[in-house]
There are 2 protein chains.
Amino acid sequence: MAAADLTTHPGHLARRLQQAHYLLWNTMVSEETTSPQFAVLNALVAEPGLDQRTVGERVGLDRSTIAEVISRLSRRGLLDKVRDPEDGRRFLLRLTEEGARTHRRLTVRTARMNQVFLAPLTAEERTVFFDLIRRVADAAEGLRDPGDPLPAPR
Amino acid sequence: MAAADLTTHPGHLARRLQQAHYLLWNTMVSEETTSPQFAVLNALVAEPGLDQRTVGERVGLDRSTIAEVISRLSRRGLLDKVRDPEDGRRFLLRLTEEGARTHRRLTVRTARMNQVFLAPLTAEERTVFFDLIRRVADAAEGLRDPGDPLPAPR
DNA sequence: CGGAAATACTCAGTGCCCTGACTAAACGGG
DNA sequence: CCCGTTTAGTCAGGGCACTGAGTATTTCCG
């Protein structure tokens, strides 16, 4: 007995929120380029020539996932991937003209989508919304490496 | 030029929030049973004998995804799946003793994890947090079928 | 200088998540 | 009663996300 009320479970809400966003992105922004892919393009507009790992860090993706995303973008010719001559382990990433064009196009569509997505909230509520989510996510992320603050000593 | 600030993009925040939760779940709740799997167990505790589609509806998963999740739970012997004698299309789902036990065990761990996850927020902030996310997610979900409120006529 | 440790990336494996196309069962009106 | 429509579930295919193991390169230290 005693089933839990999932509407008070942040994990469940986070999943539902992301699904809702995924859906809206698909219909209002792009069917080819996903939201994580856009985040990568965006990071490279801000800082061209980043290596794979750092891009992953910027957008919040682990080494495996970022490798897949980049391989797809590269396959579609949206970015170039070249060995760093100074450090043979790294790949340096840079948008192609086509990649930059895609980023520009999606930027305006994304802004439109965000308006629709956030329509149920007032301006003040949006600020609070961002702040609360950011605080929870940041805190949980900080709970990672540093000496394993949780019971299990690994 | 003009890279966007992703910290004001709800989709990006939602993804980061979910990742943070995934991580915490893994370390504090279970490595075998995932959060969506727990949601399914929970739905069946509340309403035993539901069919697959309805469970999916309750926890917010489409028919394909719910089929995979259920197949995994069934493989591990946490639930039984039998043809509805009254309607040969449906499968009726019911937790096994082991499934019910798993649900009980995870329920207490989940509560502990939620405390940690929400620790950065005060009690009032948590209420707001739930409310805002729910409103955004519900609104976006409502934006689905009904006559396609968006440009594209399908 | 040479070997151990750290670092960037790859690869295999698992699970979630969606769409679109398909099969089988049930339903409903002529 | 039969045929068309709806409905439950399956299957193939693409993408995101993580872990753990493995490779190559660089770095650091004795």
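Each chain gets a letter, A, B and so on, in the order the sequences are listed, and its residues count up from 1.
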Exercise for the section: Answer with yes or no whether B:Ser64 presents, from its side chain, a donor or acceptor under 3.5 Å of a partner atom in the base of C:dT19. Expected result: yes
Practice task
Quickly work out the A:Ile66 CD1 to D:dA17 P distance and round it to whole Å.
Solution key: 9 Å
Completion exercise
Between CD1 of A:Ile70 and C1' of D:dA17 the distance, given in whole Å, is 15 Å
Practice task
Using heavy atoms to find the nearest nucleotide of DNA chain D for A:Leu61 and A:Glu86 separately, return the residue whose nucleotide is more 5′.
Solution key: A:Leu61
Practice task
Would you check if there is a donor-acceptor pair between the side chains of B:Arg76 and B:Thr33 at a distance under 3.5 Å?
Solution key: yes
Problem - Base of C:dG15 paired with side chain of B:Arg75 (donor-acceptor, under 3.5 Å) - result: no
Practice task
Verify the contact: side-chain N or O of A:Arg53 to OP1 or OP2 of C:dA8, cut-off strictly under 4.0 Å; return yes or no.
Solution key: yes
Exercise for the section: Could you check which of D:dG9, D:dC18, C:dC18 has an atom nearest any side-chain atom of A:Gln19? Expected result: C:dC18
Practice task
Establish, with yes or no, whether the OP1 or OP2 oxygen of C:dC17 is under 4.0 angstrom from a side-chain nitrogen or oxygen of A:Arg15.
Solution key: yes
Fill in the blank from the handout: 5'-most contact on DNA chain C (nearest-nucleotide basis), B:Thr65 vs A:Ala67, goes to A:Ala67
Exercise for the section: Scan B:Gln37 against the nucleic acid and name what it touches under 4.0 Å (heavy atoms): base, sugar-phosphate only, or nothing. Expected result: sugar-phosphate
Fill in the blank from the handout: Of the listed C:dG20, D:dC16, C:dC17, the closest approach to the A:Val69 side chain comes from D:dC16
Completion exercise
A:His12 atom NE2 is separated from C:dC16 atom C1', nearest whole Å, by 13 Å
Practice task
Using a cut-off of strictly less than 4.0 Å, decide whether A:Gln52 has a side-chain nitrogen or oxygen near OP1 or OP2 of C:dT10.
Solution key: yes
Problem - Among C:dC17, C:dA8, D:dT10, the one nearest B:Pro36 by side-chain distance - result: C:dC17
